[in-house]
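In what follows, a structure is listed as C-alpha cells, so that the remarks can point back to it.
Just follow the structure's listing: the first ligand is 1, and inside any ligand the first atom is 1.
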Amino acid sequence: MAELGREAGGAVIPKILFASEGLAVGSWAEAVRALRPGLDVVDWRDPVDPEAIGFALLWKRPTTGLGRYPNLRAIQSLGAGVNQLDPATLPAGVPLARLVDPHLTECMVDYAIAAVFRHFRGFDRFERLARARRWAYEAPPTRPDFPVGVMGLGKLGGAVADRLAGLGFPVSGWSRTTREHPRVTCFAGQAGLPAFLRGVRLAVCVLPLTPETEGILNRETLGMLAPGSHLVNMGRGGHLVEPDLVDLIRSGHIAGATLDVFRTEPLPADHPFYDVPEILITPHVAGAPNPRTAAPRIVENFERAMAGLPLLDAVDRERGY
Ligand code: NDP
Ligand code: OXD
C-alpha cells in the first residue's frame, strides 16, 4: 500500500477538493479512502496549496472559483444533474462528469413506483375524500389500462421505465435521440412529443434541465395528456411552468401531481402549490447519492483523469447534460 499521500514511486498524489452546499466532507473522504488509502479529500474551506488539487467533487455552487487550482484535471458532480453547478465557476476545458450511483438510481425508482401507485390506486383521491368524511367505492383499476410515460430515458429514467414495465404497466418513454427498449415504446425529439403525451395517463419527468427542456411541462404539453391524467416531476423545478399546472388542476384536466423539485428550493411558505390539495409536495428527496456506493465511480474517474483518459459519465457542456 502506498504511503499516505504518496504513490509507491514517491510521487505526490494529487488531492481531491470537496466543495458543496449541504453535503459534509467527512463521509465522502472516508468512503474514498476506504478504496484508496492514499487519496486525500479536502474541504474547500480548509487551507490547501492550490497546486496540490487535481480533482474536484462539487454539489451545488462552489463558493470559490475553481480557476485558482492550476492542476485541476477534472470535475465530478456529486449529483446526477449538473445544472445546479454555476458554469461561470467551472474552468473551460476541464472535463465534467455527472454522478452515476446505484443507490441514487434505486431511490429514484422507488420514488417513481410509490408515486405511480399512489395515483393509480387513487390514494391521493381517497385521502381527500376521507378527510371530507366521504365513502366513495370504486372498483380497483387494472394496470394494462394505465399507460405511464417516462420523459428522459437515461440512467435514471431508463431504470424507472424498465421497472414500471416489469410491474405490468404499459410504458412509453421520450428521449432526445431515438432509443430502443424491449419493453418500452420509445418516442424521440420534439416531433415525437405529442404522440408520446397523448398515449399516457401519467407522465413521469426524469429529464435533465437544459435550455431545450426548460418549461417543457406547460399548458400546451400537459394539455395533450388525457383529461384526468397525473404528473410526477422528479427532474428539475425548471421543467414545470408552475402556474400552468395550477390552472390545469383547477380546470380538472390534471387530476393530481407529485412534485419533488421546484423552481425555488426550499419551496417558499407562501407558494400557491401549498393550497392545492391535488399536489403532493416532497422536498427534493427522490434520490440522493450515498458516499459508499458512489465512491467506486469517483475513484475510477479520479484515476482516469490522472491518466488523461476520458471520464465515465462525462457531461457534454454544449448539450447541457
Ligand atoms: P441522463 O443524462 O442519463 O439521461 C437524460 C435523458 O434525458 C436521456 O434519455 C436524454 O435523451 C433525455 N433528454 C435530454 N434532453 C432532452 C430533450 N431535449 N428532449 C428529450 N429528451 C431529452 O440523466 P440521468 O437519468 O442520470 O438524470 C436525469 C435527471 O434526473 C438529472 O439531470 C436531474 O435533473 C434529475 N435528478 C433528480 C433527482 C431528485 O432527487 N429529484 C436526483 C437525481 C437526478 P438521450 O437519451 O437522447 O440522450
Ligand atoms: C441530483 C439530485 O441531481 O439529487 O443528483 O437532484
What part of [X], side chain, backbone, both or neither, has a heavy atom within less than 4.0 angstrom of ligand 1?
{"X": "R319", "value": "neither"}
{"X": "T177", "value": "both"}
{"X": "L104", "value": "side chain"}
{"X": "Q190", "value": "neither"}
{"X": "M108", "value": "side chain"}
{"X": "V261", "value": "side chain"}

Using a plain distance cutoff, I'd like to know if [X] has any nitrogen or oxygen under 3.5 Å from a nitrogen or oxygen of ligand 1.
{"X": "D260", "result": "yes"}
{"X": "K155", "result": "yes"}
{"X": "M234", "result": "yes"}

May I ask you to check whether over 12 heavy atoms, not counting those of [X], lie within 6.0 Å of atom [atom1]?
{"X": "E265", "atom1": "CD", "answer": "yes"}
{"X": "R317", "atom1": "CZ", "answer": "yes"}
{"X": "R250", "atom1": "CZ", "answer": "no"}
{"X": "E303", "atom1": "CD", "answer": "yes"}

Measure from [atom] to every heavy atom in [options] and give the option owning the shortest one.
{"atom": "atom 44 (C) of ligand 1", "options": "L156, L259, T105", "result": "L156"}
{"atom": "atom 35 (C) of ligand 1", "options": "A80, G235, G154, A161", "result": "G235"}
{"atom": "atom 5 (O) of ligand 2", "options": "A80, G22, A288, S77", "result": "A80"}

Consider only side-chain heavy atoms of I, L, V, M, F, W and Y, link residues closer than 4.5 Å, and tell whether F123 and I279 are in one cluster.
no
In this structure, would L231 and M234 fall into the same cluster of hydrophobic residues linked by side-chain contacts under 4.5 Å?
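No.
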Quick test of your reading of the model: are [X] and [Y] salt-bridged, counting only N-O distances below 4.0 Å?
{"X": "R201", "Y": "D145", "answer": "no"}
{"X": "R219", "Y": "D247", "answer": "yes"}
{"X": "E106", "Y": "R163", "answer": "yes"}
{"X": "E278", "Y": "R125", "answer": "no"}

Strictly under 4.0 Å, does any heavy atom of V206 approach an atom of ligand 1?
yes
Look at the aromatic rings of W28 and F18 and report parallel, tilted or perpendicular, splitting at 30° and 60°.
tilted
Check the angle between the aromatic planes of H271 and F273 and answer parallel, tilted or perpendicular using the 30° and 60° thresholds.
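Ring orientation, 0 to 90° scale: tilted.
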Is any side-chain heavy atom of L90 closer than 4.5 Å to a side-chain heavy atom of I75?
yes
For [X], counting its heavy atoms only, list the atoms of ligand 1 lying under 4.0 Å from any of them.
{"X": "T213", "result": "15 (N), 16 (C), 17 (C), 18 (N)"}
{"X": "A286", "result": "39 (C), 40 (O), 41 (N)"}
{"X": "G287", "result": "39 (C), 40 (O), 42 (C)"}

Will you find, in the side chains of D124 and H119, an N or O donor that is under 3.5 Å from an N or O acceptor?
yes
May I have the step-by-step check of side-chain contact (heavy atoms from CB on, under 4.5 Å) for L245 and L222, ending in yes or no?
CA-CA 8 Å; L245 176 67; L222 296 176; 4.3 Å; yes
Write down the atom of N218, the atom of L248, and the distance for their closest heavy-atom approach.
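It is O-CD1, 4.4 Å.
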When you measure from [atom] to every protein heavy atom, which one gives the shortest distance, and what is it?
{"atom": "atom 4 (O) of ligand 2", "value": "G287 O, 3.5 Å"}
{"atom": "atom 15 (N) of ligand 1", "value": "Y321 CE2, 3.7 Å"}
{"atom": "atom 9 (O) of ligand 1", "value": "L153 N, 2.9 Å"}
{"atom": "atom 5 (C) of ligand 1", "value": "P208 CD, 3.6 Å"}
{"atom": "atom 12 (C) of ligand 1", "value": "L207 CD2, 3.9 Å"}
{"atom": "atom 19 (N) of ligand 1", "value": "W174 CH2, 3.3 Å"}
{"atom": "atom 26 (O) of ligand 1", "value": "R98 NH1, 2.7 Å"}
{"atom": "atom 21 (N) of ligand 1", "value": "R176 N, 2.9 Å"}
{"atom": "atom 18 (N) of ligand 1", "value": "E212 OE1, 2.9 Å"}

For ligand 2, indicate whether the residue R236 contacts it via side chain, backbone, both or neither (heavy-atom separation under 4.0 Å).
side chain
Give the contacting part of L99 toward ligand 2: side chain, backbone, both or neither, where contact means a heavy-atom distance below 4.0 Å.
neither
Measuring from non-hydrogen atoms of V261 to any atom of ligand 2, is the shortest distance under 4.0 Å?
no
With a 4.0 Å cut-off on heavy atoms, does H284 reach ligand 2?
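Yes, that is the case, since the closest heavy atom of the residue is under 4.0 Å from the ligand.
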L78 versus ligand 2: do any nitrogen or oxygen atoms come within less than 3.5 Å of each other?
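Looking only at distances, the answer is no, because the N/O contact criterion of under 3.5 Å is not met.
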CG-CG distance between L153 and L207, expressed to the nearest 0.5 angstrom
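If I round to the nearest 0.5 Å, the distance is 9.0 Å.
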